[in-house]
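Each chain gets a letter, A, B and so on, in the order the sequences are listed, and its residues count up from 1. For the numbers below, each heavy atom of this structure counts, side chains included, while hydrogens, waters and symmetry mates do not.
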Amino acid sequence: MTVVTRFAPSPTGFLHIGGARTALFNYLFARRMGGRYLLRIEDTDRARSTEEAVDAILDGLNWLGLSGDEPPVFQHAGMQRHAEVARELLAKGRAYHCYCSAEELQEMRAKARAEGKTALYDGRWRDRDPSEAPAGVDPVVRLKTPLEGETVIDDLVQGQVTVQNDRIDDFILLRADGTPTYMHSVVVDDHDMGITHVIRGDDHLNNAFRQVQLFKAMDWPVPAFAHIPLIHGQDGAKLSKRHGALGVDAYRDMGYLADALCNYLLRLGWGHGDEEVIDRARAISLFDLEGVGRSPSRFDMAKLDNLNGHYLRETPDADIVDLVFERLEERSDVTLDTQSRERITRGLSGVKARAKTLIDLANGAGFYAATRPLPMNDKAAALLGDDARALMRALLLDLDSLDDWTEDALEALVRQLAEAQGVKLGAVAQPLRAALTGSNASPGIFEVMAILGREEARARIEDIC
RNA sequence: GACCCCUUCGUCUAGUGGCCUAGGACAACGGCCUCUCACGCCGUAAACACGGGUUCGAGUCCCGUAGGGGUCGCCA
């Protein structure tokens, strides 16, 4: 049997971090099993679904490298089919019309809650003769679920979970306007799409019991379920928009790499021994549902930062330099021309070690393209006292007699100057750093000098003298 | 409230009855390296929620308690 998984987001907002992880797990499991990974947009609620949200979700998935193996299925396109299945159920006597009003339902709910029951609908139209139907009321279609016994799910993550059938009420398949509900569409589509493994957030665990009833009513094979725990915010509360349940595009904007984010998400709730850095290929070869934990985990930015820094350093400069240019283009204090782009390209590896995100990278490399005279940060300005400026003037003189403008030669020259002046290397290097970068922290100053070139380096030093 | 799920260092986790005086990673702290900041390296501190069982032996199995989470729509 070929494994078929699906990621089925509802297009009512962006692709959030939890959804991204669900998609990842579906993708990884399908790949690992040599199966297919599909996408389905759950837009049965036309009023709440937007095209922008669909684009944002598809965009996010694409960025993460989690596009489906086939074009996405739009659930609303199957409405006729869904209604047809409901009619079939009606014909077989497995479903029935219910004419309850909103008020009646309201009362039932209040009553059930007062009695401490979970099943809300009391089944009052279950065996009632259709002739009793009130005139002018469009009925909904409800599934006849078993009144006794229990439903068992052997969840691949949660283990065996059992629920008494009297806790499951006769849920709605078709709304009064004839459109299918999510609960109904999911089952029909999962069946029609040949889904073998339903991997989703455990907020759907309770739904699974109802859905199983529907599969059974249609005599369809029930897919395997794997309900993965939700991701929580730093404070342990459910991840909400206030706590970092941002769209994945927000993480892209914050300068995270898709590979790093996927690696982080993978390790959130899944582990393989002591391995921390796991790339896509390795993840595919290792991923299994047994390794997924059953407890919710908290989203930890610090660890994401660390991992992103790691991926930044591992990624070839050529693959990220354009991303750095992109971010620098938005800045008014830098001049991005052929020359400065080349400097940044050469200096990138030196800046990388100091960055966690692409933002850090752009900020750290910005000085290579800075427009003179350089703005100084406070600490840099403090480095440029009278003594320091005198040293810089002396350095300027020595520099003019240097033929070989290379990192090694420059270092030798500066060391010599420091010795001749009876000061420590830092006494020269720090003011020099301030002059050349406008900052008190930067890549090695001789590397910076070499990359800047004689003319630009000289000019920057003169600017502060 | 009812039902379902969960509970190992601050965080992510390893651990599937003896290999656990509980391992790794991030974060924290200290040190080394050093022209700064990083990177890297070395080291320190830090956890089996609690209480009962079962067993020769329990982080690992069972029960209870506490805490946390999820669900309870003609939303998905």
Please report the distance, rounded to the nearest Å, between [atom1] in [X] and [atom2] in [N].
X: A:Asp166; N: B:C72; atom1: CG; atom2: P; value: 18 Å
X: A:Arg142; N: B:G73; atom1: CZ; atom2: P; value: 10 Å
X: A:Glu150; N: B:C3; atom1: CD; atom2: C1'; value: 14 Å
X: A:Asn263; N: B:A25; atom1: CG; atom2: C1'; value: 11 Å
X: A:Phe209; N: B:C72; atom1: CZ; atom2: P; value: 14 Å
X: A:Glu276; N: B:G24; atom1: CD; atom2: P; value: 12 Å
X: A:Leu432; N: B:U34; atom1: CG; atom2: P; value: 19 Å
X: A:Ile168; N: B:U71; atom1: CD1; atom2: P; value: 17 Å

On a whole-Å scale, what distance lies between the [atom1] atoms belonging to [N] and [M]?
N: B:A27; M: B:G40; atom1: P; result: 9 Å
N: B:C56; M: B:C6; atom1: C1'; result: 32 Å
N: B:C50; M: B:U60; atom1: P; result: 11 Å
N: B:C9; M: B:A49; atom1: C1'; result: 14 Å
N: B:C26; M: B:U21; atom1: C1'; result: 25 Å
N: B:U65; M: B:C5; atom1: P; result: 15 Å

Thinking salt bridges, do [X] and [Y] make one under a 4.0 Å N-O criterion?
X: A:Arg346; Y: A:Glu447; value: no
X: A:Glu275; Y: A:Arg267; value: no
X: A:Glu411; Y: A:Arg415; value: yes
X: A:Arg354; Y: A:Asp360; value: no
X: A:Arg40; Y: A:Glu42; value: yes
X: A:Arg280; Y: A:Asp259; value: no

Could you please name the partner base of [N], counting Watson-Crick and G-U wobble pairs only when both distances are under 3.5 Å?
N: B:A2; value: B:U71
N: B:U65; value: B:A49
N: B:U36; value: none
N: B:A25; value: B:U11
N: B:C41; value: B:G31

Give one of base, sugar-phosphate or nothing for [X], where a contact means two heavy atoms less than 4.0 Å apart.
X: A:Pro9; value: nothing
X: A:His227; value: nothing
X: A:Ile445; value: base
X: A:Phe446; value: base
X: A:Val140; value: base
X: A:Gln158; value: sugar-phosphate
X: A:Ser49; value: nothing
X: A:Ala302; value: sugar-phosphate
X: A:Gly364; value: nothing

If you check the [X] side chain, which of [options] turns out closest?
X: A:Tyr182; options: B:U11, B:A76, B:C39; result: B:A76
X: A:Leu105; options: B:U71, B:G24, B:C74; result: B:C74
X: A:Leu230; options: B:C12, B:G70, B:C4; result: B:G70
X: A:Arg267; options: B:C39, B:G69, B:C12; result: B:C12
X: A:Met183; options: B:C26, B:A76, B:C74; result: B:A76
X: A:Gln430; options: B:C35, B:C3, B:C5; result: B:C35
X: A:Arg433; options: B:C74, B:U36, B:G70; result: B:U36
X: A:Lys356; options: B:U13, B:C39, B:C37; result: B:C39
X: A:Ala429; options: B:C35, B:C6, B:C5; result: B:C35
X: A:Val161; options: B:C6, B:C74, B:C5; result: B:C5

5' precedence on RNA chain B between A:Ser101 and A:Gly271 (nearest-nucleotide basis):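 Upstream on the strand: A:Gly271.
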
Ring geometry between A:His272 and A:Trp270 (parallel below 30°, tilted from 30 to 60°, perpendicular above 60°): parallel

Axial cation check for A:Phe171 ring with A:Arg142, 6.0 Å and 45° limits: no

For [N], does OP1 or OP2 lie under 4.0 Å from any side-chain N or O of [X]?
X: A:Arg210; N: B:C3; value: no
X: A:Arg167; N: B:C72; value: no
X: A:Asn306; N: B:A27; value: yes
X: A:Ser297; N: B:U11; value: no
X: A:Lys379; N: B:C37; value: no
X: A:Arg313; N: B:G40; value: yes
X: A:Thr44; N: B:A76; value: yes

Record whether the side chain of [X] comes under 3.5 Å of the base of [N] through a donor-acceptor pair of N or O atoms.
X: A:Lys352; N: B:A38; result: no
X: A:Asn207; N: B:A76; result: yes
X: A:Glu275; N: B:G24; result: no
X: A:Asp202; N: B:G70; result: no
X: A:Arg294; N: B:C5; result: no
X: A:Arg298; N: B:U11; result: no

Sub-6.0 Å ring centroid separation between A:Trp125 and A:Tyr99: yes

Verdict with reasoning, A:His227 to A:Phe225, per ring-ring contact (aromatic ring centres under 6.0 Å, His included): CA-CA 6 Å; A:His227 288 94; A:Phe225 291 104; 5.7 Å; yes

